[in-house]
Amino acid sequence: EATSADFTNDSSGTPIVANKVNGSAVTGTISVYDTTTGAIAASIETGGRHPTSMTVSGGYMFVTNTGSDNIGVIDLRTNRLERTISVALPLPGSHQDNDWFHDDWFGGDEGHGHAFGAQPTSIAVVGSVAYVALYTVNAIAVVDLSGGRDEHDCVLGYIPTASTPS
């Protein structure tokens, strides 16, 4: 929740903590809305920044976190984040700690290895496989959701698309 000391942006009438440079969300939460009372019943961490899309399958909610290049997997029985899955594309000599919407988005750390910002924008789940649109890569990532892999080794491959899929 935003405080008076935070830089904020408006999200459907609710102030959210935002990046001072580009205005994007710097937190990663979604709200559970009680339709009978009209009130927010809970706030759930998504495991990344700038949650953009979500889908439900098999008792889980899968959330694309565009600013962190990952998918948050939320257990709907507990409304808690269970794990995250990276969809960033590692560059040679890089690490997977990608965060394109951080306050130092435009500077610092030049010459060091990075992961290429894939910016996942939408997701569909069929069985134990997710298909994730990667906005800046012009591809659909095919992701193993079975849980038997390391979070940085779940992307099985890519399906090329036209420009900027969403």
Side-chain angles (χ1 to χ4, degrees), residues 7-31 44-58 60-74 81-147 149-166:
F7 178 80
T8 62
N9 212 345
D10 182 69
S11 176
S12 300
T14 302
I16 60 168
V17 181
N19 180 293
K20 292 177 187 175
V21 176
N22 60 27
S24 65
V26 297
T27 58
T29 60
I30 55 174
S31 299
I44 304 170
E45 293 290 328
T46 65
R49 294 176 187 239
H50 201 69
T52 306
S53 68
M54 62 187 91
T55 192
V56 174
S57 179
Y60 293 92
M61 178 180 294
F62 300 89
V63 181
T64 58
N65 294 304
T66 301
S68 297
D69 288 335
N70 70 23
I71 303 165
V73 181
I74 297 167
L81 179 69
E82 183 174 283
R83 67 185 179 127
T84 60
I85 299 169
S86 176
V87 293
L89 280 79
L91 298 174
S94 71
H95 54 79
Q96 289 282 349
D97 186 21
N98 188 27
D99 189 359
W100 288 104
F101 290 109
H102 193 266
D103 285 335
D104 63 355
W105 187 31
F106 290 110
D109 219 19
E110 292 174 17
H112 292 76
H114 289 286
F116 183 78
Q119 295 186 333
T121 54
S122 61
I123 185 169
V125 174
V126 178
S128 63
V129 176
Y131 298 90
V132 184
L134 303 178
Y135 186 81
T136 56
V137 179
N138 300 329
I140 304 296
V142 181
V143 180
D144 178 7
L145 299 175
S146 67
R149 296 173 177 262
D150 177 86
E151 73 168 295
H152 297 295
D153 191 30
C154 292
V155 176
L156 302 173
Y158 302 93
I159 302 169
T161 68
S163 181
T164 57
S166 60

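Basis for what follows: all heavy atoms, side chains included, without hydrogens, waters or symmetry-related copies.
Taking both residues in full, the closest heavy atoms of Ser86 and Ala88 are given as OG-N, 3.3 Å, listed atom of the first, atom of the second, then distance. Thr161 and Pro165 make their closest contact through OG1-CG, 3.4 Å (heavy atoms, listed as atom of the first residue, atom of the second, distance). For the pair Asp69 and Pro120, the tightest heavy-atom approach, listed with the atom from each and the gap, is OD1-CD, 3.5 Å. Shortest non-hydrogen contact noted between Ile123 and Ala130 is CD1-CB, 4.0 Å. Taking each heavy atom of Ser68 and Arg49 in turn, the nearest pair found is OG-N, 2.8 Å. Minimum heavy-atom separation, Val137 to Gly117: CG2-O, 4.5 Å.
Considering only residues two or more places apart in sequence or on other chains, Ser53 meets the side-chain hydrogen bond (donor to acceptor under 3.5 Å, both in side chains) condition with Thr64. Ile16 pairs by the side-chain contact (heavy atoms from CB on, under 4.5 Å) definition with Asn9, Ser11, Ala25, not counting sequence neighbours. Among residues two or more places apart in sequence or in another chain, the side-chain hydrogen bond (donor to acceptor under 3.5 Å, both in side chains) test is passed with Ser122 by none. Glu45 meets the side-chain contact (heavy atoms from CB on, under 4.5 Å) test with Thr29; sequence neighbours excluded. Val142 pairs by the side-chain contact (heavy atoms from CB on, under 4.5 Å) definition with Val129, Tyr131, Leu156, Ile159, not counting sequence neighbours. Residues passing the side-chain contact (heavy atoms from CB on, under 4.5 Å) test with Leu81, sequence neighbours excluded: Ile74, Thr84.
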**Request:** Go through the steps for Ile30 and Met61 under the test side-chain contact (heavy atoms from CB on, under 4.5 Å), then give the verdict.
**Result:** CA-CA 11 Å; Ile30 55 174; Met61 178 180 294; 3.4 Å; yes
After noting the C-alpha distance and the side-chain angles of Thr121 and Thr164, does the key distance pass the side-chain contact (heavy atoms from CB on, under 4.5 Å) rule? CA-CA 10 Å; Thr121 54; Thr164 57; over 6 Å; no
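Screening residues 134-146 for side-chain hydrogen bond (donor to acceptor under 3.5 Å, both in side chains), with sequence neighbours left out, gives Asp144-Ser146, Asp144-Arg149.
Between Leu134 and Tyr158 the shortest side-chain heavy-atom distance falls below 4.5 Å. In this structure, the side chains of Leu145 and Phe62 come closer than 4.5 Å at one or more pairs of heavy atoms.
A donor-acceptor pair under 3.5 Å links the side-chain atoms of Asn70 to the main chain of Gly47, judged by distance alone.
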